[in-house]
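Here is how names work: the chains are called A, B, and so on, in the same order as the sequence lines, proteins then strands, and each is numbered from 1.
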Amino acid sequence: MNQLKLNILDLIKEDARLPASTIATMLGVQEAEVAAAIKEMEDDHVIVKYAAVINWSKVDDEKVTALIEVECTPERGRGFESIAERIYLYPEVKSVYLMSGAYDLLVEIEGKNLKEVASFVSNKLSTIESVIATKTFFILKKYKQDGIIFEEFEDDGRLLVSP
Amino acid sequence: MQDYLASHARAIPPSGIRRFFDLVSNSKDKDIISLGVGEPDFVTPWRVRDAAVYSLEKGKTQYTPNAGMPELREAIGQYLNDQFQLDYDPAKEIIVTVGGSEGIDLALRALVEPGDEILVPEPCYISYSPITSLGGGIPVGIETFAKDNFKLTAESLRAAITPRSKLLVLCYPSNPTGAVMTYEEMLPIAKVVEEHDLIVISDEIYAELSYGTKHVSFASLPGMKDRTLLVSGFSKAFAMTGWRMGYACGHPDLIGAMLKIHQYTVMCAPIMAQVAALESLTPNGLEEKDRMIESYNQRRRLVVQGFREIGLACHEPQGAFYAFPSIQSTGMTSEEFAQRLVLEAKVAAVPGHVFGKGGEGFLRCCYATSVSQLTEALDRIGNFLQKIG
Ligand SMILES: Cc1ncc(COP(=O)(O)O)c(C=O)c1O
């Protein structure tokens with residue numbers, strides 16, 4: 001990937017709403033170049049979506065999130081692909097990763113409450129034929145996600161005017 | 001009490017920045033966006049803070065050698081060699097100071113005698129002249145101009161020299177103008193320095209914050225090492241203002257004299273700050289520095305273009321983190337403009353005249369502030385200009 005694209009990604013991963021014109025000025029290139037690079041990355045699914053990062057613990061109808069380690073037998077010829085797909089197509093599944101180490105898939109599930117998550121695991125996940133075992137871990141608090149710290153820091157501590 | 005104060009203490013004027021600070025602080029308006037700061041918006045990188053916390057846990061709370069921890073002086077020497085091809089002996093030619101501020105103070109105290117003239121290109125950082133005056137020296141401002149991108153020219157330097165001229169203070173990249181000087185531009189200055197047997201205090205605290213061309217240290221010019229005292233520190237490039245960490249490098253005789261004063265006045269720089277500084281010079285620390293500099297550069301481009309778009313002439317600052325737009329088109333003095341800007345548009349910036357000759361008609365705007373704040377500040381200034389225009 002070229003440097004311009006990397007620089008653009010660096011900026012918009014922090015603030016997806018930066019206009020192309022501002023990005024262009026900040027990087028010292030033409031706006032058209034930035035717009036074209038962004039378009040290309042959107043088309044290539046490098047940029048998948050522009051979504052807000054939400055601290056759900058501040059929202060009244062709080063959600064419950066769990067990480068589930070899933071051990072499963074890969075399928076001949078397809079490995080873990082189709083199992084992963086069967087899992088990730090459920091809307092309550094937020095993310096699915098293929099892992100090295102003691103288990104195979106790490107699945108993040110979101111539900112309204114513990115019961116809902118537990119029932120998803122026992123009714124939907126564990127019943128998939130190639131799934132051998134699952135271990136469920138509920139997330140109690142999110143401190144940082146995707147490089148963004150959720151805790152609020154004090155305001156700018158600088159003096160308003162200094163030499 | 002006034003009667004008891006020493007005349008030299010009474011004589012130094014209160015800083016113009018301080019006056020403006022009081023005005024802004026008294027307004028107590030939470031909504032003010034400040035471009036009036038002189039420090040990074042980054043907090044010190046965590047790895048650096050963590051190193052200091054760890055050293056405290058380990059009980060590192062003692063004095064260090066007066067000149068600073070030997071391993072820190074080594075690291076500074078190595079860093080200056082890697083970055084700027086400078087060659088200083090950590091044992092005799094480097095002293096760790098309480099901020100670049102102390103380095104400037106020590107150097108002027110060690111060099112200035114009553115009646116000595118100290119040449120100071122202006123607009124410039126505000127501490128050189130008062131400290132010169134404290135020692136009985138006479139600060140001689142040399143005006144620099146926007147048309148020259150606020151660079152010092154050999155002609156104007158030559159014109160300011162008298163038989164009593166002893167010292168030249170250089171500060172490139174410049175606070176407040178963001179001006180830098182290239183090797184070719186400094187060569188004629190070095191020639192004049194040599195001809196007139198001057199000593200140079202080169203305040204290169206913004207060296208790393210050079211955009212476009214790589215910084216050239218005045219001390220690295222042919223024949224200039226022994227005539228130059230290099231002052232620098234960790235405040236700006238490493239986002240460490242509150243730690244008070246600086247250093248000075250130069251001829252062993254001068255460093256030796258400065259060390260004597262330093263011994264009697266502060267003994268040594270704080271040990272936890274020295275430990276932190278050492279961490280910031282590790283490869284990981286340097287990477288964090290580079291990341292911050294790139295971010296200033298992006299915001300620099302944004303701000304310069306922003307000022308031009310709202311109709312303020314703005315030369316291109318090539319270093320530090322200040323833009324220095326001209327407000328002459330408004331017909332106001334910089335003091336008047338800056339005051340009205342705070343009160344009517346809620347943007348604080350420092351009026352240029354506080355930085356000495358040539359500063360009138362300009363406004364120092366620090367762009368080490370978030371992109372959203374900068375954009376909002378530019379909008380506000382734009383609206384203010386429309387209102388008064
Ligand atoms: C040009 C210049 N020199 C020196 C200093 C002093 O910095 P410190 O004492 O934090 O190292 C500053 C701070 O604003 C500065 O702008």
Just wondering, are more than 12 heavy atoms of other shown residues or ligands nearer than 6.0 Å to [atom1] in [X]?
X	atom1	answer
A:Arg86	CZ	no
B:Glu294	CD	yes
A:Glu42	CD	yes
A:Lys13	NZ	yes
A:Tyr50	OH	yes
A:Gln145	CD	yes
A:Lys142	NZ	yes
A:Lys39	NZ	no

Report yes if the side chains of [X] and [Y] come closer than 4.5 Å at any heavy-atom pair, otherwise no.
X	Y	value
B:Val371	A:Asp15	no
A:Val161	B:Arg19	no
B:Gln298	A:Leu11	yes

When B:Glu39, B:Arg18, B:Arg300 are compared by non-hydrogen pairs under 4.5 Å with chain A, the top option: B:Glu39
Steps toward side chain to side chain contact (heavy atoms under 4.5 Å, CB included) verdict (B:Val37, A:Leu159): CA-CA 7 Å; B:Val37 301; A:Leu159 298 174; over 6 Å; no
For [X], is it the side chain, the backbone, both, or neither that has a heavy atom closer than 4.5 Å to a heavy atom of chain A?
X	answer
B:Ala338	neither
B:Tyr322	side chain
B:Pro176	neither
B:Ile126	side chain

Full working for side chain to side chain donor-acceptor pair (under 3.5 Å) between B:Arg299 and A:Thr25: CA-CA 9 Å; B:Arg299 292 179 275 173; A:Thr25 311; over 6 Å; no
B:Leu35 side, atom CG; A:Leu160 side, atom CG - distance, nearest 0.5 Å: 11.0 Å
Distance, nearest 0.5 Å, that separates CG of B:Leu374 from CE of A:Met26: 8.5 Å
Distance-only donor-acceptor check, side chains A:Arg17 and B:Ser372, under 3.5 Å: no
A:Ser162 side chain to B:Gly38 backbone, donor-acceptor under 3.5 Å: yes
Smallest separation among heavy atoms of B:Arg364 and A:Pro163, with atom names: NH1-O, 2.7 Å
Partners passing side-chain contact (heavy atoms from CB on, under 4.5 Å) against A:Ile148 (at least two apart in sequence or in another chain): A:Val53, A:Phe150
